[in-house]
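FYI, side chains are in, hydrogens and waters are out, and symmetry mates aren't considered; it's all heavy atoms of this structure. Each residue takes its place number in the sequence, starting with 1.
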Amino acid sequence: MNNKTFRCLMMAGTIAHLFTSACTREGEKYPQGIPIQADVLSFDPSSINDLGDAPRFVYGPKTFPQMDNLENLSSPRFKMLQGGNLEVREAIGTVITSSQFSGYSIPSLEYRAVNGVVKPVNNKSLMMLSASYQFDTLIEKIESLTGYKPEEFFDGFSSFNVLFHPSIVLEESDEQTRKYETTNAAYVAGVKQFALFSLGKDERVPMTFNPQIVSHEFGHAIFEKYFFNNKFEKCNPDEVRSEKLFPGRIENEYSVRGINEGFADFVSFVWTGSTNVIQSSLGDLELTRERNFSKATFDYDTYSSKEAEVCNGRFYCIGTLWAKTLLDVFNSRSLDPKSPEARQQFLREIVSLLAKVGVALRDADGAALPSPDERTKRCFNRDVLSPAADGDMLSAFFVALIDKADPAIKKSWCTSIISNFGTSGFPISARKVCQ
């Protein structure tokens, strides 16, 4: 099934025909103790001829590698929770902070088992099964993606919660949080949860199970685990802090939020082979073209210029440039972008490097960090670029990264960072680390 067919079915309300025609015989409940096979929507890797392509999607049976409880949609490493109230404190792109989640229920999956295959009988069950399949396959590949064994990756927490269609409860009625209700997938920082919201009216392939989106959100979990050392700290707005390092300072930095989003986009590329992360769900728009990082032509110097309007995606623009930098370094290694193994090998190296950079930036009470600007001191969640402050933070990040990088490819890092971030994001005075 291609995107157009799925969209037409969704809009016409006739997707039920897909289910009933596929489930002509009623079977028993799916037997326990055998690998679960179910009809889900997934992307077709063969449809990606160029890195910037948006993939097609197919409907058909897939085998879940780890999920062992069909009735509860859970595995030893994740469980899906339906409904409930998610109290939102702050929205930072697709990363949100939450004070609590309550009132959920066990998933209500409706299906028929036909010839050993689970057949969802309605749209909600299809979305839950398809999302569960994406998370199950990502977690099963965690060592290939990060270089760490599952028991090491999950050290400090037992599993992820996947929140399916929770309701948002606003802790504070500010406009930024209110706007977040239109975003349909997110990572809930600090509590190891993924939130999959109701279908948006403009979505083509729902974000709730689009593997490009799910792997992007999973990238935030990897970034939290290794760059933030499994501690996503919150900044206390009741305190004014002038020291370089204080709880939540790095997490709250505009440019670091951009780095986080760009890393997540790159994880999506590693998982799917496409740099066109959101077009399948939202269509060919200016926003989706800006995020297609293999096609991006702007740089940080032009983005940070007040006169230029080359990218309107706030800190996502920094993310696009960071993902493009990672892709440039990947290509400099003559690795095959169509090889999942080559992409995963490179990601493992990046994850290891990011862990070292996180330590370096926090070391000696943040000695390598620039002094916080006035808004950062007050834990203000700035939503617009501040060229001087953000350039200083980016520079500190890049210096630490190049210093910790493999000496054999430091030149590639320097070339790629300079190409994408110019003198505003990586000033000449900081480039002695490249010598």
Side-chain angles (χ1 to χ4, degrees), residues 1-11 15 18 40-60 62 93-94 123 126-127 130-131 133-135 137-138 182-186 196-197 199-220 261-298 310-313 316-317 319-324 326-328 330-331 336-340 342-344 347:
M1 183 193 303
N2 60 31
N3 294 353
K4 182 177 180 181
T5 302
F6 180 79
R7 184 170 67 256
C8 291
L9 287 168
M10 292 289 290
M11 293 176 64
I15 196 167
L18 170 67
V40 299
L41 276 160
S42 58
F43 81 106
D44 176 11
S46 68
S47 65
I48 304 172
N49 297 310
D50 180 84
L51 300 187
D53 288 345
R56 293 191 302 268
F57 286 74
V58 294
Y59 176 78
K62 293 287 186 180
T94 62
N123 186 33
L126 171 65
M127 288 196 286
S130 299
Y133 175 73
Q134 300 307 331
F135 282 106
T137 51
L138 277 162
T182 63
T183 301
N184 294 94
L196 307 176
F197 299 108
L199 184 67
K201 62 182 177 63
D202 296 324
E203 288 184 49
R204 299 182 176 198
V205 176
M207 290 185 178
T208 53
F209 60 72
N210 184 338
Q212 293 181 283
I213 306 300
V214 172
S215 55
H216 169 97
E217 304 306 340
F218 200 81
H220 289 310
E261 293 295 345
F263 174 77
D265 276 356
F266 193 79
V267 171
S268 179
F269 158 69
V270 169
W271 188 243
T272 67
S274 169
T275 65
N276 198 349
V277 178
I278 56 178
Q279 181 177 322
S280 292
S281 284
L282 298 182
D284 185 16
L285 308 170
E286 182 179 359
L287 168 66
T288 60
R289 290 191 291 271
E290 286 178 355
R291 290 282 293 280
N292 191 355
F293 59 87
S294 69
K295 304 298 183 182
T297 57
F298 68 94
V310 296
C311 182
N312 297 310
Y316 283 98
C317 301
T320 295
L321 293 172
W322 173 236
K324 186 174 184 292
L326 293 172
L327 183 63
D328 288 346
F330 176 93
N331 289 332
D336 181 4
K338 293 190 175 183
S339 166
R343 299 195 303 265
Q344 291 170 21
L347 180 61

Notebook entry, point to check: For F266, which residues count as a ring pair (Phe, Tyr, Trp, His ring centres under 6.0 Å) partner, sequence neighbours excluded?
Noted result: F269, F346
Do any N or O atoms from the side chain of [X] and from the backbone of [Y] form a donor-acceptor pair under 3.5 angstrom?
X: S280; Y: A54; answer: no
X: S215; Y: L138; answer: no
X: S339; Y: D336; answer: no
X: S268; Y: A264; answer: no
X: N292; Y: G52; answer: yes

Rounded to the nearest 0.5 Å, what separates atom [atom1] in [X] from atom [atom2] in [Y]?
X: F135; Y: F218; atom1: CZ; atom2: CZ; value: 8.0 Å
X: H220; Y: E261; atom1: NE2; atom2: CD; value: 3.5 Å
X: Y316; Y: R291; atom1: OH; atom2: CZ; value: 5.5 Å
X: L326; Y: D265; atom1: CG; atom2: CG; value: 10.5 Å
X: K295; Y: T288; atom1: NZ; atom2: OG1; value: 13.5 Å
X: I278; Y: L285; atom1: CD1; atom2: CG; value: 8.0 Å

Can you check whether [X] reaches [Y] side chain to side chain, under 4.5 Å on heavy atoms?
X: S42; Y: V58; value: yes
X: D328; Y: F293; value: no
X: T275; Y: K324; value: no

Item checked: Donor + acceptor pair across side chains of S281, N210 (<3.5 Å) -> yes
Notebook entry, point to check: Any side-chain donor paired with an acceptor under 3.5 Å for E286 and N312?
Noted result: yes
Check: Going through the checks in order, is the side-chain contact (heavy atoms from CB on, under 4.5 Å) test met by F263 and L347?
Finding: CA-CA 10 Å; F263 174 77; L347 180 61; 3.8 Å; yes
Identify the two heavy atoms, one from [X] and one from [Y], that lie closest to each other, and give their separation to 0.1 Å.
X: G262; Y: A323; answer: O-CB, 3.5 Å
X: P211; Y: F43; answer: CG-CD2, 3.5 Å
X: G273; Y: L51; answer: O-CD2, 3.8 Å
X: N49; Y: K338; answer: O-NZ, 3.2 Å
X: Q134; Y: L41; answer: NE2-O, 3.9 Å
X: R343; Y: V270; answer: NE-O, 2.9 Å

Notebook entry, point to check: Can L327 and S294 be said to form a side-chain contact (heavy atoms from CB on, under 4.5 Å), step by step?
Noted result: CA-CA 8 Å; L327 183 63; S294 69; 3.7 Å; yes
Note to self: Working note: F298 + L321, criterion side-chain contact (heavy atoms from CB on, under 4.5 Å); need CA distance, chi angles, decisive distance, verdict.
What the structure shows: CA-CA 8 Å; F298 68 94; L321 293 172; 3.7 Å; yes
